[in-house]
Amino acid sequence: MAEPTSVAAATALQTHHEVSQFLFQQSNLLDGKQWQAWIDLFADDGLYWMPPGPEYTTWDGVPSIFIEDRDLMTVRMKRVTHPNAWSQQAEWGTSHVVSNVTIDGTDAQSGDLLVRSRFHMLEVRRDDVRHFAGSYQHRLRRIDGGFRIVLQRVDMVNAQAAFEYVLQVWV
Amino acid sequence: MPSQPLLDVRSLVEPDRVHRRAYSDPEIFDLEIKHIFEKTWIYAGHETQVPKPGDYWQFQIGRQPMVMVRGNGDAVHVLFNRCPHRGVQVCGSRHGSGGDALTCPYHSWRFHYDGSLESVPLESGYRDTRFDRDNPDFQMKRAARVQRYRGFVFASLDPKGPDLLEWLGDARMAFDDICDRSPVGRVEVVPNCFRVVQRSNWKFFMENQLDAVHPSVTHMSTGYAAADVERKLKRETGSQPLHYHYLSAFATSFDQWDQLETAGYPYGHTLLGGYMGLRPTDADTLEHERVLAAAYGEAKKEEILGRNIHHVLIYPSISVQSPLQQLRAIRPISHDRTMSEIWHFRLVGAPEAIYRRSLWYYNLVNSPSTMINADDLENWQRGQFGLNSNGGDWVSFHRDYGRDRDANGELHSTNGCSELPMRAQFRAWLKYLTETE
């Protein structure tokens, strides 16, 4: 009678592994500046959202640091890759670490996986180091054997602190 | 120690050019703090930031840590955020509520919302001492003057000088324009303040706001990127959301920007007139026009919507973009660092869609993920870098010099690309720094 439990456990482990790999890949694409591949992680109706504070429950009708669908992500990508994006002349790079991956469950209606994780990101631009950290909340949809992001919510602990310069790309 | 030669600021400003030390010299910055920021009217905030008695919001006037506090009823007070007992900062959050009384966290001295002393613990210990609750030395110090115009609160640390309205002059149209777009004549703050540090002298921001030559150069990348996606959406869906236009419009040609108008008012306030296509004929705009006509009548509605404002700069602390209900306040930190505080307002009683479309501007252009200011801040930092150097002494403001029309102390130009706003700002700057008493 132990078998069903171990099968469920193995499935849960497998899902946790797949989800973790997906989240790691997400941050690797950002660090690798592979913008189009990163945008392609999103479902057609996918959204990237960074609220101004943890108390925000929606982006609808309220301010956001980022609220972008794939079209707006494309504007941002085309901006930073344009030869006259002056702010991109400064050498810069980022390094993300994603951890504490927790699967909270499945949305009863949509079947989307609800996942939480935490991140640290260090950015070096010219000679300046900035450090951002916070939590990700992902709604992931299974499509064609893989995942697509329906919603990536990014709560930065830095969200209400004064920004030294701006955020040119996604965190 | 050899003493520094006395600075003559007059030698730094000529009608068509300014010496780099105005931007790069910490000593000049000290003079600006003393004779401009800690003297003239500085934007404190909007009264709706502090809706209930005891609500407060911190801000800076020059180097002074201030707090704007809602008193009882309609009163709004501006106090130094300092306990008279031992100097401790009384209000500790960026914003919050003081409760029944503003209470010092060190020894529980308590203050009324206007700064007067409510109570001290162990008051008997002050018997037969010089302690006197009615003496200002035992109260939270008030800003010398606090005045409001249409809900926008200003404070001055100088008891003398022109009243707020006289000082604003025609530049008050910034607040008339933003408020009159509401059918009840009022705006309400959206309670979120984005803060971004500029690594450049505060005057870079002031000048850039009314510099119509820079957008199509500085923001070329975003203008083209947004126009690309805008075209794709038009092709695929037959419509282009207005917020793509907010970005693509930055790549408007020099010719079009030059058709705007500029004006410089006394005290350094400056205007860039122009509309950026913000009176479209979509259903939302028409509904807004209908609401305004019902409230004000057709003629007054036309007057309100016919105002020709892109930006108004209230020198030296805010830039108001009234057609989009955005306001940016700057708080200088040092000669090469400037804090900007970025606000959005809701037109009370106007259709929700009008708020929502300006919210796009707040999110895309003015938030910390801005696709516009990313390149502005980069350029200003590079400007500061150059002006700190010995590579040259002068900053050129020659464009359209000699063609400004001076009408009763107001400068006007019909060229949007004129460097009139910079010349007008420095005319006021010099007056502030030389007429120091």
Side-chain angles (χ1 to χ4, degrees), chain A residues 35 39 44 47-53 55-56 58-92 123 125-128 130 132 154 156 158-171, chain B residues 94-95 190-199 217-230 232-233 236-237 241 243-244 247-248 251 331 333 337 339-344 346 352 355-356 359-360 362-364 366-379 381-382:
Chain A
W35 311 126
I39 293 171
D44 290 345
L47 290 174
Y48 178 90
W49 178 37
M50 184 185 289
E55 70 278 15
Y56 284 75
T58 178
W59 58 86
D60 188 31
V62 293
S64 292
I65 298 176
F66 284 87
I67 178 65
E68 294 183 1
D69 59 11
R70 289 181 56 125
D71 287 322
L72 279 172
M73 292 175 201
T74 303
V75 174
R76 189 174 293 279
M77 173 182 71
K78 284 174 179 265
R79 179 188 104 72
V80 296
T81 53
H82 191 279
N84 299 118
W86 314 113
S87 56
Q88 291 291 314
Q89 291 178 336
E91 296 78 8
W92 69 275
E123 179 207 70
R125 184 168 184 270
R126 290 206 174 88
D127 297 326
D128 298 316
R130 294 195 297 176
F132 298 95
V154 184
M156 289 210 309
N158 317 62
Q160 278 293 321
F163 285 77
E164 282 280 340
Y165 194 55
V166 303
L167 297 170
Q168 295 196 63
V169 293
W170 311 277
V171 175
Chain B
R94 270 175 73 208
H95 56 94
V190 178
N192 175 70
C193 177
F194 287 132
R195 293 181 303 156
V196 175
V197 176
Q198 306 162 358
R199 293 198 171 179
V217 183
T218 298
H219 307 301
M220 182 188 296
S221 58
T222 299
Y224 285 136
D228 263 5
V229 177
E230 199 177 14
K232 187 203 88 158
L233 289 171
E236 291 176 358
T237 67
H243 53 274
Y244 284 85
L247 298 174
S248 61
R331 316 291 183 189
I333 301 166
R337 277 168 68 79
M339 174 72 77
S340 62
E341 302 172 350
I342 308 162
W343 295 96
H344 181 210
R346 183 189 279 275
E352 174 74 6
Y355 160 72
R356 286 178 174 247
L359 177 61
W360 274 116
Y362 189 65
N363 288 342
L364 289 172
N366 275 331
S367 87
S369 78
T370 169
M371 288 193 262
I372 296 299
N373 298 324
D375 291 307
D376 284 323
L377 268 62
E378 167 74 8
N379 280 340
Q381 184 178 359
R382 291 196 202 180

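- Salt-bridge formation is detected for the pair B:Arg356/A:Asp60: a Lys NZ or Arg NE/NH1/NH2 atom is positioned less than 4.0 Å from an Asp or Glu carboxylate oxygen.
- Of the residues considered (A:Pro83, A:Ala85, A:Pro63), A:Pro63 shows the highest number of contacts with chain B, using heavy-atom pairs under 4.5 Å.
- The distance from atom CZ of B:Arg199 to atom CG of A:Asp128, rounded to the nearest 0.5 Å, is 4.0 Å.
- More than 12 heavy atoms of other shown residues, nucleotides or ligands fall within 6.0 angstrom of atom CD in B:Glu236.
- Among A:Ile67, A:Asn84, A:Leu72, A:Val171, the residue with the largest count of heavy-atom pairs under 4.5 Å with chain B is A:Leu72.
- The NZ atom of A:Lys78 sits 12.5 Å away from atom CE of B:Met371, with the distance rounded to the nearest 0.5 Å.
- Contact between A:His82 and B:Ser221 at its shortest, heavy atoms only, is CB-CB, 3.6 Å.
- Under the 3.5 Å distance criterion, the side-chain polar atoms of B:Tyr362 are left unmatched by any main-chain donor or acceptor of A:Ser64.
- Here the shortest heavy-atom pairing between B:Ala374 and A:Gln168 reads CB-CG, 4.2 Å.
- Residue B:Asp376: no heavy atom, backbone or side chain, is found under 4.5 Å from chain A.
- Side chain of B:Ser369 to backbone of A:Ile65: a donor-acceptor contact under 3.5 angstrom is found.
- When all heavy atoms are compared, the tightest approach of B:Pro191 to A:Tyr56 is O-OH, 4.5 Å.
- A pairwise comparison of heavy atoms in B:Val217 and A:Trp86 identifies O-NE1, 2.9 Å as the closest pair.
- Of the inter-residue distances, the one linking A:Phe163 atom CZ with B:Ser340 atom OG reads 11.5 Å to the nearest 0.5 angstrom.
- Side chain of B:Arg195 to main chain of A:Ala161: no donor-acceptor pair is present (N/O by atom type, distance under 3.5 Å, no hydrogens or angles).
- Of all heavy-atom pairs spanning A:Ala162 and B:Val197, the tightest one is CB-CG2, 4.3 Å.
- Heavy atoms closer than 4.5 Å to chain A are found in the side chain of B:Val229, but not in its backbone.
- Counting heavy-atom pairs under 4.5 Å between each of A:Val169, A:Asp71, A:Thr74, A:Val80 and chain B puts A:Asp71 at the top.
- Counting heavy-atom pairs under 4.5 Å between each of A:Glu68, A:Met77, A:Arg125 and chain B puts A:Arg125 at the top.
- Nearest heavy atoms, B:Tyr355 versus A:Gly61: OH-O, 2.7 Å.
- To the nearest 0.5 Å, the span separating CZ on A:Arg79 from CD1 on B:Ile372 amounts to 8.0 Å.
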